[in-house]
Amino acid sequence: MTAASGPGGPAAGELARLLRRKRIETGQSMRVLARRIGLSAHSPISDYEQGRRLPPPDLERALEAALEIPGGTLARLRREALAERAAAMLDGDSGESAEPGETYAPAGPGEASVRGHRRPRALLPVAPDAGPGGGTAPGLGFALGVPAALAVVILWGAARRAAR
């Protein structure tokens, strides 16, 4: 899977390409960058650069400092990528068939492969009020693994785009 074809859409691909380009421009290996930002392994860096995962908010500032990226850039791209992912889930573009009103949440960890890597998690249907506190936003936040407040922002952005 390339950064351009990653699960998050154009913003996730842009974030992945930016991280890789800046790491190469600054002359850092993945291992060196991982150590500089406080990670014990370089595999998350590879995942971020391939668009398989988004860097968590607590690493954004560390990555920006280590890679000489203007402050707030990664946070903006991450928000856009999460909004794209949420819009795809709401539009039913997740590749999974959904009953009306259902969202999806990751199941438990996947099986370990021969090389010790985990396979992608399976998706389980979750009712809209299944998240902590009930309602669509907490359910979506639970499904995306983000706080309910961020899910509200994601839903609001998706609704604005749909209204255009």
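No hydrogens, no waters, no symmetry mates; every other heavy atom, side chains included, goes into these values.
Atom CZ of R31 has 12 or fewer heavy atoms from other residues, nucleotides or ligands within 6.0 Å. Annotation: R23, atom CZ; neighbour count of heavy atoms from other residues, nucleotides and ligands within 6.0 Å is above 12.
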Under 3.5 Å, which donor-acceptor pairs link side chains of residues 33-40 to any protein atom two or more places apart or in another chain?
residue, atom, partner, partner atom, Å
R36, NH1, Q28, OE1, 3.2
R36, NH1, A66, O, 3.3

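In this structure, the side-chain contact (heavy atoms from CB on, under 4.5 Å) partners of A75, at least two apart in sequence or on a different chain, are E60, R79. Partners of E68 by salt bridge (Lys or Arg N to Asp or Glu O under 4.0 Å), not counting sequence neighbours: none found.
No chain of hydrophobic side-chain contacts below 4.5 Å, direct or via other Ile, Leu, Val, Met, Phe, Trp or Tyr residues, connects V32 to Y48.
In plain terms, the two heavy atoms of G9 and E84 that are nearest each other are C-OE1, 3.5 Å. The nearest pair of heavy atoms linking A11 to A81 is CB-N, 3.6 Å. Contact between E49 and A16 at its shortest, heavy atoms only, is O-CB, 3.4 Å.
Taken to the nearest 0.5 Å, the OG atom of S29 stands 8.5 Å off from the NE2 atom of H42. Atom CZ of R85 and atom CG of L54 lie 4.5 Å apart (nearest 0.5 Å). For the atom pair CE (M30) and CD1 (I24), the distance works out to 8.0 Å, reported to the nearest 0.5 Å.
Between K22 and E25 there is a salt bridge, with a side-chain nitrogen of the basic residue lying less than 4.0 Å from a carboxylate oxygen of the acidic one.
For the side-chain contact (heavy atoms from CB on, under 4.5 Å) criterion with L19, the lone passing option out of I45, L77, I69 is I69.
When side chains are defined from C-beta on, S46 counts as touching R52, because their heavy atoms get closer than 4.5 Å. R17 places a side-chain heavy atom less than 4.5 Å from the side chain of E14.
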